[in-house]
Amino acid sequence: MQDSPLVIAGKTYHSRLILGTGKYKTLELMKQALTAADPAMVTVAIRRVDMSDKSSQSFWNFLPEGLPILPNTAGCYTANDAIRTAHLAREALETELIKLEVIGDPKTLFPDVAATLQATQVLVKEGFTVLPYTTDDPIVARRLEEAGAATIMPLAAPIGSGQGILNPLPVQYILEQSKVPVIVDAGVGTASDAAVAMELGAAGVLMNTAVAESQDPITMALAMKLAVEAGRLAYLAGRMPKKMYASASSPTIGLSLSTKS
């Protein structure tokens with residue numbers, strides 16, 4: 001079956017998986033996992049890496065060559081802080097892309113949706129391609145799209161929790177209404193979670209902890225790559241309808257009747 005690629009703000013990507021760079025035990029392990037996953041982009045928390053480090057052992061030297069970077073504003077708790085971080089990322093990395101995160105609560109890491117909307121409005125006007133992390137509220141998603149967001153990125157579960165898609169219904173509402181790509185962000189724990197997200201019709205999945213904190217990040221990265229591909233194919237194929245009772249797989253017409261002894 002012929003599929004169209006992921007397109008964000010007019011740019012085409014070869015994969016529907018976006019992978020993060022945090023929490024790996026070593027930078028070499030991160031590099032190997034990223035190579036195995038071969039994602040569309042890799043997210044980098046601008047506030048958590050040394051932008052000026054040019055040494056041979058710097059974070060930047062462990063990113064696979066040619067892999068697009070999606071800087072994010074992780075760790076920001078106000079719209080103004082996120083906007084400043086986005087400007088720093090654009091200046092340092094020469095990219096208009098920004099994954100916008102404005103956290104509202106340090107325990108749950110849920111986004112501050114009002115501040116996220118405010119920052120989106122400002123950054124879009126300043127020429128950024130904004131990919132906002134948000135809740136699974138369809139109304140908030142609609143407001144972000146109206147503000148010019150290039151994608152909608154609803155959480156599946158709290159960041160780093162590994163609980164999978166806890167409530168698929170609002171995600172489905174967002175998918176039905178959105179005219180921009182919807183990328184499920186946060187909460188994925190294993191490959192089946194990624195497949196479920198794609199089977200719902202998501203344009204992609206973003207994850208970090210599920211790979212970085214697995215027992216074998218390289219193998220899990222490959223599993224996530226394949227799960228996203230399989231989930232996409234299953235979505236395109238269209239699943240069979242669920243039924244209350246059994247339905248024989250083999251036809252009964254033409255079966256020979258058994259004779260009674």
Side-chain angles (χ1 to χ4, degrees), residues 8 11 13-78 81-103 106 109 111 119 123 128-133 150-151 153 155 159-162 183 185-189 194 204-225 228:
I8 299 175
K11 185 172 182 179
Y13 296 89
H14 74 279
S15 170
R16 294 179 178 273
L17 172 63
I18 301 174
L19 209 56
T21 54
K23 301 184 178 181
Y24 289 92
K25 291 180 180 179
T26 67
L27 290 176
E28 180 59 35
L29 185 60
M30 176 196 75
K31 182 177 182 178
Q32 292 182 52
L34 292 174
T35 300
D38 191 23
M41 292 182 278
V42 58
T43 63
V44 175
I46 294 302
R47 293 165 60 95
R48 295 172 184 163
V49 298
D50 186 349
M51 303 290 288
S52 61
D53 184 4
K54 304 299 182 182
S55 70
S56 61
Q57 294 302 306
S58 76
F59 166 85
W60 304 104
N61 284 330
F62 285 88
L63 295 180
E65 187 176 353
L67 183 59
I69 296 174
L70 173 60
N72 71 45
T73 63
C76 294
Y77 282 82
T78 68
D81 199 9
I83 292 167
R84 284 194 296 270
T85 302
H87 279 277
L88 175 63
R90 182 162 67 179
E91 181 179 347
L93 301 176
E94 298 181 346
T95 179
E96 306 296 335
L97 287 170
I98 192 72
K99 180 174 184 276
L100 177 62
E101 296 182 24
V102 186
I103 302 301
L109 298 181
L123 291 172
F128 285 89
T129 299
V130 182
L131 288 67
Y133 160 68
T151 67
M153 305 183 80
L155 56 85
I159 290 175
S161 69
I183 298 174
D185 179 10
V188 169
V205 181
L206 189 152
M207 65 185 74
N208 184 177
T209 309
V211 173
E213 293 194 349
S214 65
Q215 294 182 36
D216 184 345
I218 300 169
T219 301
M220 184 60 81
L222 177 59
M224 291 300 189
K225 173 186 177 180
V228 168

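The basis for the numbers below is simple: all heavy atoms, side chains too, and nothing from hydrogens, waters or symmetry mates. Numbering of residues begins at 1 and proceeds along the displayed sequence.
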Thr73 and Tyr133: side chain to side chain contact (heavy atoms under 4.5 Å, CB included), yes or no, with the steps?
-> CA-CA 10 Å; Thr73 63; Tyr133 160 68; over 6 Å; no
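- The CG atom of Leu29 lies 14.5 Å from the NZ atom of Lys23; values are rounded to the nearest 0.5 Å.
- The CG atom of Leu222 sits 13.0 Å away from the CD atom of Gln32 when rounded to the nearest 0.5 Å.
- Here the OG1 atom belonging to Thr85 is positioned 11.0 Å from the CD atom belonging to Glu101, to the nearest 0.5 angstrom.
- Of all heavy-atom pairs spanning Leu34 and Pro39, the tightest one is O-CD, 3.4 Å.
- Looking only at distances, no side-chain donor or acceptor of Thr151 sits under 3.5 Å from a matching main-chain atom of Met153.
- The side-chain heavy atoms of Asn72 and Leu131, taken from C-beta on, include no pair separated by under 4.5 Å.
- The shortest side-chain heavy-atom distance between Met207 and Leu17 falls under the 4.5 Å cut-off.
- Looking at Leu63 and Thr21, their side chains come closer than 4.5 Å, going by heavy atoms from C-beta outward.
- In this structure, Thr43 and Ile18 have side chains that are in contact, with non-hydrogen atoms separated by less than 4.5 Å.
- The two residues Ile98 and Ala89 make their nearest non-hydrogen contact at CD1-CB, 4.1 Å.
- The two atoms that bring Phe128 and Ala86 nearest to each other are CE2-O, 3.4 Å, heavy atoms only.
- Note that OG1 of Thr35 is 9.0 Å distant from CD1 of Ile218, once rounded to the nearest 0.5 Å.
- Ile8 CD1 to Leu70 CG: the interatomic distance, rounded to the nearest 0.5 Å, is 8.0 Å.
- Residues Met224 and Val205 are not in side-chain contact: their nearest non-hydrogen atoms beyond the backbone lie 4.5 Å or more apart.
- Contact of the Pro111 side chain with the Leu155 side chain is registered, since non-hydrogen atoms from C-beta on lie closer than 4.5 Å.
- With Trp60 contributing its side chain and Asp50 its backbone, the two residues share a donor-acceptor pair below 3.5 Å.
- The nearest pair of heavy atoms linking Phe62 to Lys31 is O-CB, 3.2 Å.
- Shown here for Leu206 and Lys99, the closest heavy-atom pair between the two residues is CD1-CE, 3.6 Å.
- We find the CG-CE distance between Asn208 and Met30 to be 10.0 Å, quoted to the nearest 0.5 Å.
- Side chain of His14 to backbone of Asp38: a donor-acceptor contact under 3.5 angstrom is found.
- The shortest side-chain heavy-atom distance between Leu93 and Pro71 falls under the 4.5 Å cut-off.
- With contacts defined as side-chain heavy-atom distances shorter than 4.5 Å, the pair Asp81/Arg47 qualifies.
- Nearest heavy-atom pair across Leu97 and Thr95 is N-OG1, 3.1 Å.
- Around atom CD of Glu28, more than 12 heavy atoms belonging to other residues, nucleotides or ligands sit under 6.0 Å away.
- In this structure, Thr219 contributes its side chain and Asp216 its backbone to no donor-acceptor pair below 3.5 Å.
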